[in-house]
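Just below is one structure, and these are the notes that go with it.
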Amino acid sequence: MPPTRITFPTAVVLAALSQGCRYGFEIMDATGLASGTVYPILRRLEEAGMLSARWERAADAHDEQRPPRRYYQITGAGRQAVRDAMARFPALAGVRPPAAPSPT
Amino acid sequence: MNAPIGGRPPGSWLIRQLARIIPRAHRESWRDEWIGELSHSPLPPWRLRLRALGAIVDALWLARHHSSWARLDSTRFGHDVRYAARSLARRPAFSLVVVGTLALCIGATSSVFSVVESVLLRGLDYRDLNRLVAVWSNNAKESNDHYQASIGDYFDWRDRSRSFEQLAGFFPIWTAAYTAPDVAERLSVGAASANLLRTLGVRPQLGRDFAEGEDKRGAPGVAILAHAMWTRFFQQDPAAIGKSILLDGKPYTVIGVMSPAFTFPQNRVDVIVPLPILGSYFDRRGVHMLSVIGRLRAGVTIESAHGEMESIAAQLRTEHPKEDAGLTSTVRPLAADLLGDVRRPILVLFAAVFAVLLIGCANVANLMLSRVMSRQQELSVRTAMGAPPGAIARQLLTESALIAVVAGVLGVGIAFGATKAAAAALPQSIARIGVVRLDARVLTFTVVVCVVVALICGAVPALRGARNANDRTLPDAARGASRSRAARRIHSALVVTELALAMMLVVSAGLLINSLTHLTAINPGFRTHGVLRMKLELPDVKYRRGAQSDQFFETLLRDVGALPGVRSAAMVSRFPLHDGHLTSAVMPEGMSEAASDLLPDAEYRKASARYFETMDIPVIAGRPFRPTDTADSTSQLVAVVNRTAAIKYFGTPNAVGKRLRLGGSQTPLFTVVGVVGDVREISLRESAPPVAFISTRQGLATAGSIVISYDGAPGPVLAGVRRIVASLDKTLPVYDVQSIEEVLAKAAAGDRFTTTLLSAFALLALVLAALGTYAVIAYGVADRTREIGVRMALGAQRGEVVAMVIRDGMGLFVLALPFAFVGIWWANRAVASLLFGVQASDLSTQVIALSTLAVATAVACLIPARRAARVDPSLAIRA
């Protein structure tokens with residue numbers, strides 16, 4: 001598996017996930033990054049094993065008459081990467097999950 | 001508010017479209033994730049759409065990441081391209097020379113191809129072109145097999161023939177005054193039979209075609225506009241259909257508009273109108289003015305159609321023994337007929353530019369080969385580090401491909417400019433056929449040329465580079481030891497090819513330059529400076545022929561003649577080298593009709609009293625016209641003939657007092673009162689035909705060229721003429737204004753165009769070939785530095801070293817000669833028909849051209865030769 005470069009935006013996305021953000025739009029709201037930045041980073045991090053993804057249970061989505069959503073979760077390797085990144089990029093401490101998470 | 005539940009969220013259309021480029025294995029999951037997010041979000045629709053735009057980057061990233069191209073990119077292709085770009089950037093001078101050379105060659109090739117494409121390939125955009133034929137009368141007594149049909153003959157052909165689905169007649173060079181509020185212009189009119197468009201297989205873009213019977217005398221006037229006229233006068237308003245326009249004061253209803261792609265055969269026209277606009281010519285069987293095009297019925301061959309037309313011509317000879325005497329008929333493929341005179345120069349130019357492209361490629365291949373040899377060390381290092389020969393070859397080919405792509409892009413830019421310039425400079429004979437422009441076909445051609453160029457320029461260096469890198473050990477390469485004999489042979493072969501092609505081009509250009517010099521040095525027989533001509537026509541509906549028109553022209557010429565700076569003013573019905581043929585049968589007094597049938601027709605002109613004086617045409621015998629030569633019944637009918645006519649019809653240059661009839665035995669006798677000098681009437685190439693002039697007054701002229709000879713500047717004279725015409729009749733347009741220099745330039749425009757372009761190509765070829773020679777000799781000198789050092793250490797003089805190097809270069813020149821002679825023999829056959837006043841085998845031209853190239857080759861050798869002579873033996877031997 002190719003090593004993943006941890007650029008600042010990548011570290012920001014990892015930090016947001018470690019703060020509890022779970023899906024793309026939530027990460028965008030928390031970080032202010034654009035969708036064209038966030039999603040390719042999520043793909044690379046998933047491929048590198050720093051996060052895992054799962055689909056929302058179909059029954060839950062069906063109850064609310066909407067399509068299921070894809071949730072991401074940071075892995076151990078991801079947490080280690082966040083710690084390393086925190087040392088490199090102190091500004092990451094400012095990344096917070098959104099005050100009022102959007103209803104699921 | 002939440003996104004619409006169960007419906008399609010904002011941005012979902014974009015997501016579905018983008019999903020197409022996602023690899024199949026990931027497509028569904030990718031789409032569902034985005035749709036899921038968009039469906040959940042409480043954001044307003046516009047923000048969701050904005051966020052959905054991010055999916056473009058996401059999709060492209062995924063597509064690239066998972067595609068086989070991306071894998072290729074990351075492993076090979078991308079690496080090769082980046083490496084090639086860096087390697088070219090490291091040697092900017094080399095890159096600039098090769099890219100510049102190829103861009104110039106590709107640009108020139110593409111722009112000439114754009115002419116080939118628009119004129120020869122796309123020019124005749126008619127349906128089933130191979131079933132279209134041109135039908136001509138064949139006038140044996142004038143050896144003219146492109147003799148037009150009279151309108152009467154045409155209708156008889158149409159009614160009697162069975163070989164054609166349609167048979168159409170047209171006169172492409174009629175003009176009419178178009179008048180509308182604030183508009184008074186002369187338009188170019190295509191007078192046509194009602195079935196012309198059906199024959200050609202085209203339809204108006206808007207409105208309808210002419211209906212059967214609309215070309216009969218007395219039918220209501222109808223007109224179909226060319227797209228350009230519809231744009232210019234009606235701003236492309238569809239409501240133009242049904243409107244009435246005035247042509248020569250008569251109303252015509254607009255019934256259709258042609259598409260912009262349509263070209264009227266033989267001439268670009270503003271408006272198409274049925275044949276009756278030709279007025280009195282409509283009924284005169286003796287006037288041969290119609291070109292005829294037929295669409296063959298399925299299964300009918302040109303030969304059988306020709307047979308049928310011959311038998312109809314025989315019937316007409318019996319029925320109309322005077323007008324149709326000696327006329328047979330010819331049927332030819334239309335394409336060959338319309339393109340006959342332009343095909344040859346265009347193909348010659350295309351062959352020439354292709355030769356230049358080959359020379360450019362050979363040059364670049366040579367430079368790249370030299371560079372590969374000088375990069376031996378680098379390539380050997382790569383081989384030593386494990387690069388297989390294939391990878392080295394691929395790398396070198398990538399470099400040539402990159403060069404070809406950059407050169408191709410620049411070449412398209414050059415072609416774009418050159419095509420615009422060429423379209424403006426094209427002679428009328430070519431320009432009338434098609435609109436020259438860069439289109440998809442030309443660009444496709446350019447892409448193909450680039451691929452071929454990349455292969456030609458890259459293949460040899462790539463193979464050599466790969467082989468040498470493999471064969472050579474690292475220390476060998478590092479030492480820069482003597483390079484392979486094979487490489488030198490390839491260099492020499494490429495330069496010999498360049499030199500042979502360049503010799504071929506330089507000789508052809510020399511012949512054409514020689515021919516153009518002859519052509520422009522011709523004395524046309526009239527004054528070649530300080531003359532203005534312009535057209536003026538009195539509409540029949542407003543001016544009665546005779547007293548009224550005479551009065552108008554008399555006042556006009558008198559007032560114009562009195563303008564400051566004007567020496568004299570006159571009028572002539574058809575101006576030399578401008579208006580083309582209008583002939584009349586001639587019957588000298590006392591000669592039988594049968595005998596006179598064997599005489600050639602005369603060009604028929606009406607001229608006013610001071611025409612010969614104004615044009616400086618010498619009166620050899622007798623007198624010119626006088627103002628007293630009027631149509632008055634007491635005046636004698638008089639004619640002036642040129643020298644050729646005097647000799648052909650009367651056997652003597654002094655034909656004063658002889659009498660002749662113009663147009664048949666029933667016409668009146670004209671007494672020859674003067675003989676004038678011969679003038680190039682039709683073209684600079686054709687010697688003077690017999691010409692018979694009658695006076696404008698006796699010929700009841702109502703239209704023609706006003707001719708003014710003047711001293712000083714033409715501007716005030718022209719302004720004065722316009723003022724005088726406006727004071728006589730405000731609605732009369734003065735048009736088609738030209739100086740005599742413009743008339744002459746236009747007459748030589750086709751030759752000048754071909755000669756200029758071919759000379760430019762030859763010059764480019766010469767420079768490239770000289771550069772190629774220089775590169776090879778310089779490379780040889782660098783390669784043999786040590787040998788030269790040894791020679792000089794052993795006592796060779798500097799002069800001897802210089803001579804040795806020049807001998808090497810001239811050796812290539814001599815080697816190229818036999819190939820060049822074959823090329824020259826072939827090229828001479830191609831250009832022979834374009835030449836005037838010089839034979840294709842002209843020895844002096846060939847000697848001069850080859851000497852020029854020999855000198856250029858010698859000069860190209862001189863710089864490396866001087867460098868060789870400066871070699872320091874002690875340093876060279878130690879190196």
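Within every chain, numbering begins at 1; the chains are lettered A, B, ... in the order of the sequence lines, protein sequences first and strands thereafter.
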Near [X] [atom1], under 6.0 Å, is it more than 12 heavy atoms from other residues, nucleotides or ligands?
| X | atom1 | value |
| --- | --- | --- |
| Tyr83(B) | OH | yes |
| Arg57(A) | CZ | no |
| Gln73(A) | CD | no |
| Glu28(B) | CD | no |

Please name the pair of heavy atoms, one in [X] and one in [Y], separated by the smallest distance, quoted to 0.1 Å.
| X | Y | answer |
| --- | --- | --- |
| Gly36(B) | Pro67(A) | CA-CG, 4.1 Å |
| Val57(B) | Gly36(A) | CG1-O, 3.4 Å |
| Ser35(A) | Gly54(B) | OG-CA, 3.0 Å |
| Glu37(B) | Gly24(A) | OE2-N, 2.9 Å |
| Trp61(B) | Pro40(A) | CG-CB, 4.0 Å |

What's the separation between atom [atom1] in [X] and atom [atom2] in [Y], rounded to the nearest 0.5 Å?
| X | Y | atom1 | atom2 | result |
| --- | --- | --- | --- | --- |
| Leu38(B) | Arg69(A) | CG | CZ | 10.0 Å |
| Glu33(B) | Arg43(A) | CD | CZ | 4.5 Å |
| Leu43(B) | Phe25(A) | CG | CZ | 7.0 Å |
| Tyr39(A) | Arg51(B) | OH | CZ | 8.5 Å |
| Arg47(B) | Met28(A) | CZ | CE | 8.0 Å |

